Amino acid sequence: MKQSKNQSTIEDDRTGESVATLTRAIADNMFYVQGKFPATATENDDYLAVAYTVRDRLLRRWIDTTEAYIKNDARLVCYLSAEFLLGPHLHNNLINLGLVEPMRKAVDSYGKKLDDIIEQEGEPGLGNGGLGRLAACYIDSLASLQIPAIGYGIRYEYGIFGQQIKDGWQVETTDKWLNLGNPWELHRPERTYEVKYGGHTESQQDEQGNFSVRWIPNHAVMGVAYDTPILGYKVNNTNILRLWSAQASESFDFQDFNAGDYMGAVRDKMDSENITKVLYPNDEHEQGKRLRLQQQYFFVSCSLQDMIFIQLELANDTLDNFHKRFAGQLNDTHPSIAIAELMRLLVDEHDMSWDQAWDITRHTFAYTNHTLLPEALETWSLPLFKSVLPRHLEIIYEINRHFLKQVKERYPDDNERLARMSLIDETGEKSVRMANLACVGSHAVNGVAELHTELLTATVLNDFYDFSPEKFSNKTNGVTPRRWIVLSNPRLTALITEKIGKSWITDLSQLKQLEAFADDAKFIARWHQVKLQNKQEQAAFAFNQTGVELNPESLFDVQVKRLHEYKRQLLNVLHIITLYNRIKSDPSIDIVPRTFVFGGKAAPSYFMAKLIIKLINSVADRVNNDADVAGRLKVVFIPNFNVKLGHRVYPMADLSEQISTAGLEASGTGNMKFSMNGALTIGTLDGANIEIREEVGKENFFLFGLTAQEVADLKEQGYNPRDYYDNNAVLKLVLDQIREGYFSKGDANLFMPLVDELLNHDQYLLLADYQSYIDAQDKVSETWRNQDLWTRMSILNVARMGKFSSDRAMQEYCEDIWKVKPISVASAK
Ligand code: 26Q
């Protein structure tokens, strides 16, 4: 800051926070960073100028943060994740800086609207769904809690595909998110590492008889860092998200292998850069794709080399203390090759003994599991693995040898157990079991909700739990209240803050204070008004986008999440058709008006999920255009559900659909976002639903369906879905209609696969839960008729959601697993 002679202060253009300075800074960035002036500026230029102005203010804090962490010899969390589903940055950063209102005025002075500029930002869709979004919430909380942390991941050139709906079907488009430039990232070419692939290994012995292994790869790729600053809420701490981008390694390919073959060399270059080209759009495991393994190893190797660089060069420490410097968290098994890679780096490249390296590795890593579906556990066939990572396969064999020796000592005559716990699956096509590797190479393993952790330790990871129960713990997921309340629901934020102040934003348990107003008629009326205004705003938006007219007074019944059979969007459809049939058989029936909202992407190769999307849109067609319905039921499918649309959807919902088959949804996090925004939940006893219901009170939650235990028992004794079809005339009619083409203009083939699956297998027990679901929905409607009661329940839901802040989750990881402490960063200004 400069001081002028008369002592009045002139703010620096890049750090000042007054309206006048921000106004100047916007023009300055437009001119000197973008080379534009008002007459040539596009809407995107307006956005970029504001974004650069915000970024300048982050960079100041980022430098202060790095200095503070180095000075304090900080212990660092390294969150390794193949996905970070960030959502747009601008609004979030303005909130965290406390600069929304000054920036609004600065933008006003150019005759523009800040809301339009915020809307202009696209989103980095570098994730599929829950797991990727969780990583984004966690890095927000870590910065807000002042925990030194780095997020490590992949800078996909194409993120999750865009979804269009054409004739009711999902059509995919590519996500060119970098096309208009990304003002939030900094290219760090000086942080570039080599990543090797393929080839073979050779062992050698030196004069002392020491054995060592040399890996002779046949290919190498360079990984270049791109850093995005992640600022905490109203603190100076600015952590980094470091994403790796693949670049061809000229020296390697051009000189060593391709002399004389210029075209071949260029092709190799293109192949190299393919590694970070595109995000795999499956949110459950897709079997054995070479490129996927290359991606995983690529970002893990870059990240570990970077951590070693930090340890040796920035912290001036030794590798003996690596595990004291870093807590490495593996977000599912996707980065679990890190265990073998750290061993390789320490033993092969830094000459450490196997035993010391293993000690360091185990103390460095911890593993979070996100799935119970046994078919979703990651494995790699041995031939594929060996051809991509021959040295790592040897290391995994060696880890396995040491490990199985211990197992054998503990369970001398239990060969079956040995076979189950082996890192190598020898039944059928031999493969590497990444979950086993992750368990063995980590000092802590956790599930993401209480039920999930219970089932994990009782089923898929039971042997590992038996072997080392002390490693296992539960860490129930959470979501960040900054993005999922403050940013997305300004009306609710204002009302809450008016009543209880703003401490809830960083201590969500403070919402408890709202309970005192749950019976206050005036407060109830205002709460109701907030929800209604949110619905009106989104109804207007939807009308604008699609021409569909929504009734804001109707009950907004919402299910947004990836399309999956186990998430049972189809059960929701069965309910809609049931209501429709009630109207058809008595058009004058008194029925609660409902708007059914769906959103979510189906993996492009997932036939059944795509057919469910088509069914939703076909039912919408029929219901929305039937004169008998008279607008009392509306069905809409929001195309391309993403973080940005989430900002609109959660605040407008009255009812949150969390209806997965019990025992299959590890946690769910959308369930938390809805309830925090005042929606009531209709749900099964699955994932975090159970804990949400415990917190908000069972009288404020619409429960239905079989428990996980009952599901298992029913399957055990032989489940026959046809029994339910034969014994329930209402259900029978619904299924017959779908089958006979009632929703497909007479085409009796179209939806046959869906009905066939329900009648012959019904793997996810929709028919078993149907009646219970309908009964619960009827109770929902009944409750809705008493609007004051409904609103009271809504208030109590929000008041009691404190537990589900990602701040709480991160604090638990910090204390129980990572053993890291906050470091507060003073302002340099
Ligand atoms: C793996 C290998 C190859 C290709 C793709 C994948 C892959 C990618 C993404 C496998 C799984 C995912 C994502 C899984 C996921 O999002 N799981 C969800 O995690 C949430 C956060 O813990 C939970 O709330 C959800 O219950 C869980 O389904």
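We number each residue from 1, following the sequence as shown. Just so you know, ligand 1 is whichever comes first in the structure, and atom 1 is the first atom listed for that ligand. As the structure is a computational prediction, the values presented were derived from the model and not from experiment.
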Side chain proximity check, Arg648 to Ile638, heavy atoms < 4.5 angstrom: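 No. Closest side-chain heavy atoms not under 4.5 Å.
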Taking the side chain as C-beta and beyond, is there a heavy-atom pair between Glu757 and Met608 under 4.5 Å?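 Yes, side chains in contact.
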Specify the protein heavy atom at minimum distance from [atom]: its residue, its atom name, and the distance to 0.1 Å.
atom	value
atom 2 (C) of ligand 1	His285 ND1, 3.0 Å
atom 11 (C) of ligand 1	Asp283 O, 3.0 Å
atom 6 (C) of ligand 1	Arg292 NH2, 3.5 Å
atom 23 (C) of ligand 1	Gly668 N, 3.7 Å
atom 18 (C) of ligand 1	Leu131 N, 4.0 Å
atom 7 (C) of ligand 1	Asn282 O, 3.4 Å
atom 26 (O) of ligand 1	Glu665 OE1, 2.6 Å

Run the contact test for Gly687 against ligand 1 with a 4.0 Å cut-off on heavy atoms, strictly below, and give the result.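 Checking ligand 1 against Gly687, which is what was asked, there is no heavy-atom contact under 4.0 Å.
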Can you tell me if Trp380 has a non-hydrogen atom under 4.0 Å from ligand 1?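 Not so, Trp380 does not reach ligand 1.
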Go through the side-chain N and O atoms of Ser660 and Asp686 and say whether any donor and acceptor fall under 3.5 Å apart.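 A donor-acceptor contact under 3.5 Å links the two side chains.
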Is it the case that Asn689 and Gln658 place a side-chain donor and acceptor less than 3.5 Å from each other?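 Result is no, nothing qualifies.
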Atoms in ligand 1 with a heavy atom of [X] nearer than 4.0 Å:
X	answer
Glu378	2 (C)
Glu83	8 (C), 9 (C)
His334	1 (C), 7 (C), 8 (C), 9 (C), 10 (C), 11 (C), 12 (C)
Tyr566	28 (O)

For Leu80, does its backbone N or O pair with a side-chain atom of Asn331 as donor and acceptor, under 3.5 Å?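 Not at all, since once roles are kept as given, no pair shorter than 3.5 Å links the two residues.
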Consider every N or O of [X] and every N or O of ligand 1, then say whether any pair is closer than 3.5 Å.
X	value
His370	yes
Tyr280	no
Ala666	yes
Val448	no

Phe385 ring center near His392 ring center (under 6.0 Å):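 No, the ring of Phe385 stays outside the 6.0 Å limit from the ring of His392, centre to centre.
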Centres of the Phe299 and Trp244 rings: under 6.0 Å?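 Between Phe299 and Trp244, the centre distance exceeds or equals 6.0 Å.
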Non-hydrogen atoms of Ser675 and Thr681 that approach each other most closely: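 Reported closest heavy-atom pair: CB-OG1, 4.5 Å.
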Is the charged tip of Lys601 near the ring of Phe161: under 6.0 Å from the six-membered ring centre and within 45° of its axis?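 The answer is yes; both the distance and angle limits are met.
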So among Val558, Asp557, Val573, which one has a side-chain contact (heavy atoms from CB on, under 4.5 Å) with Phe598?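 The single option meeting the side-chain contact (heavy atoms from CB on, under 4.5 Å) with Phe598 is Val573.
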